[in-house]
*Asks:* 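Sharing a structure here in structure tokens format.
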Amino acid sequence: MRTEEQRLKEVMAQLALPIEPEQEQLLLKYIHMVVEGTSRQRLVGPRDSGEIIYKHIFDSLYPVTLNIFSSGELLDLGTGAGLPGIPLKIVLSGQKVFLMDANRRKIIFLKKVCRELQLDQMNFLAGRAEEWARHPEYRERFQTVVCRAVADTAILAELALPLVKLGGEVFLYKGPRGVNEAAAAKHALRLCGGEVNRIYHYQLPTGEKRTLVCLSKIENTPDIYPRKPGKPAKKPLS
Ligand code: SAH
């Protein structure tokens with residue numbers, strides 16, 4: 001069986017992303033911590049290192065190969081066990097990153113990860129996007145928001161766009177349904193000041209098809225959005 005190090009090297013070669021040995025070590029440490037955290041602390045996350053490397057690390061880092069992230073603050077909304085935010089931070093080392101999750105246990109885990117990996121310029125937002133988007137310090141603040149496996153596009157329109165600054169972008173990591181979801185969410189996106197800018201198609205080493213839906217923030221989000229916590233998911237804008 002291949003070691004974690006060999007698997008990671010293989011994935012980085014497939015992505016054609018050159019990284020320093022220190023960055024590779026940090027990715028390996030993170031992979032260990034997620035696998036341990038999933039079994040010991042019963043955090044929901046990838047269960048074994050093969051799955052995390054071939055599926056989640058590859059997926060998280062794929063957009064870096066497209067060179068689409070502007071410098072400026074990046075928010076990972078609904079980061080869970082730190083995906084894609086932690087792998088992105090390790091590879092884009094100068095980037096200022098904010099990790100947001102409604103689940104406080106996950107934020108506690110992520111603080112521990114960042115401490116042990118000595119990642120700088122990391123910020124933690126425990127709580128729901130609906131609430132943070134009402135906070136004057138965070139509303140329309142971010143240049144980039146990334147979001148993976150959190151909700152349907154119509155729901156994410158209302159959760160993510162209020163947090164993005166005018167001219168900024170949202171990147172939704174999606175499965176093959178991404179294209180249809182994006183089309184169905186057109187009106188919801190417009191209501192919140194966004195539109196679909198472009199969609200990338202790619203495949204994971206596991207063979208799964210993925211899409212990356214890129215949204216642009218073209219108008220300020222009206223004050224009525226997001227609606228109160230839970231409402232965007234219960235009654236998505238249409
Ligand atoms: N992005 C991670 C985790 C996906 S699970 C990955 O790709 O593996 C979805 C996460 O989104 C959960 O941790 C959940 O707590 C968080 N979440 C769901 N709705 C949210 C909201 N409204 N605000 C903030 N976090 C939310």
Side-chain angles (χ1 to χ4, degrees), residues 27 30-31 33-35 37-39 41-64 74-90 97-114 122-135 138-139 141-142 144-164 170-175 177-178 181 188 192 202 204 206 208 210-213 221 225-237:
L27 284 171
Y30 170 60
I31 292 159
M33 289 187 80
V34 173
V35 172
T38 302
S39 56
Q41 300 169 30
R42 281 188 269 131
L43 281 173
V44 182
R47 276 177 300 276
D48 68 75
S49 62
E51 183 188 346
I52 175 167
I53 295 169
Y54 293 125
K55 204 164 156 177
H56 304 281
I57 298 285
F58 184 99
D59 195 27
S60 295
L61 293 179
Y62 181 79
V64 180
L74 180 144
L75 167 70
D76 181 7
L77 194 169
T79 183
L83 296 161
I86 299 278
L88 288 177
K89 169 63 190 178
I90 292 173
V97 173
F98 290 72
L99 301 175
M100 179 187 289
D101 205 284
N103 182 327
R104 276 162 209 279
R105 276 174 59 228
K106 294 193 175 160
I107 295 291
I108 291 169
F109 169 75
L110 292 167
K111 284 185 176 167
K112 190 169 148 214
V113 168
C114 293
M122 295 302 292
N123 303 271
F124 306 91
L125 302 172
R128 300 183 69 109
E130 293 93 319
E131 285 163 338
W132 286 113
R134 293 264 158 227
H135 196 297
Y138 296 98
R139 190 172 182 88
R141 167 172 179 153
F142 297 97
T144 308
V145 176
V146 293
C147 201
R148 180 174 182 265
V150 176
D152 266 21
T153 304
I155 301 167
L156 292 176
E158 190 173 353
L159 298 181
L161 285 166
L163 290 155
V164 186
V170 180
F171 297 98
L172 306 179
Y173 290 72
K174 290 280 172 186
R177 287 200 318 270
E181 256 188 42
C192 298
Y202 59 103
L204 302 181
T206 54
E208 282 164 83
R210 306 284 300 162
T211 52
L212 185 72
V213 178
T221 305
Y225 304 121
R227 291 165 292 166
K228 61 181 199 305
K231 191 92 183 201
K234 214 175 289 162
K235 211 172 178 312
L237 297 172

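Just so it is clear, the values below take in all heavy atoms, side chains as well, and ignore hydrogens, waters and symmetry mates. Counting starts at 1 for both ligands and their atoms, in listed order.
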*Asks:* Which value, rounded to the nearest 0.5 Å, describes the distance between Thr221 atom OG1 and Arg139 atom CZ?
*Replies:*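 Rounded to the nearest 0.5 Å, the OG1-CZ separation comes to 5.5 Å.
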
*Asks:* For atom 4 (C) of ligand 1, which candidate among Ser60, Ala126, Ala149 provides the closest heavy atom?
*Replies:*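 Answer by nearest heavy atom: Ala149.
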
*Asks:* Is the CZ atom of Arg177 crowded by more than 12 outside heavy atoms at less than 6.0 Å?
*Replies:* no

*Asks:* Using modelled atom types and a 3.5 Å cut-off, is there a donor and acceptor pairing between side-chain atoms of Arg134 and backbone atoms of Pro226?
*Replies:* yes

*Asks:* So, is Met100 polar-close to ligand 1, with some N/O to N/O distance under 3.5 Å?
*Replies:* no

*Asks:* Backbone or side chain, does any N or O of Ala129 fall under 3.5 Å from an N or O of ligand 1?
*Replies:* yes

*Asks:* Is the contact between Asp76 and ligand 1 made by the side chain, the backbone, both, or neither, using heavy atoms and a 4.0 Å cut-off?
*Replies:*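 Answer for Asp76: neither.
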
*Asks:* Would you mind listing which atoms of ligand 1 come within a distance below 4.0 Å of any non-hydrogen atom of Gly127?
*Replies:*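 In order of number, 24 (C).
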
*Asks:* Can you tell me how far the CZ atom of Phe142 sits from the CG atom of Leu77, to the nearest 0.5 Å?
*Replies:* 9.0 Å

*Asks:* Which of the atoms of ligand 1 are close to Leu83, meaning less than 4.0 Å from one of its heavy atoms?
*Replies:* 1 (N), 2 (C), 6 (C), 7 (O), 8 (O)

*Asks:* Using a strict cut-off of 4.0 Å, indicate which atoms of ligand 1 neighbour a heavy atom of Gly80.
*Replies:*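 Result: 3 (C), 13 (O).
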
*Asks:* For the atom pair CG (Leu161) and OH (Tyr225), what is the distance rounded to the nearest 0.5 Å?
*Replies:* 12.0 Å

*Asks:* Look up atom OG1 in Thr79 and atom CZ in Phe98, then write down how far apart they are to the nearest 0.5 Å.
*Replies:*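 Atom-to-atom, Thr79:OG1 and Phe98:CZ are 13.5 Å apart.
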
*Asks:* Using a heavy-atom cut-off of under 4.0 Å, does the side chain or the backbone of His56 touch ligand 1, or both, or neither?
*Replies:*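 Neither; no heavy atom under 4.0 Å.
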
*Asks:* Out of Asn103, Asp101, Val150, Leu77, indicate the one that has the non-hydrogen atom closest to atom 15 (O) of ligand 1.
*Replies:*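 Nearest option to atom 15 (O) of ligand 1, by heavy atoms: Asp101.
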
*Asks:* How close do Asp152 and Glu181 get, heavy atom to heavy atom, and via which atoms?
*Replies:*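 Where Asp152 meets Glu181 most closely, the heavy atoms are OD1-OE2, 3.3 Å.
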
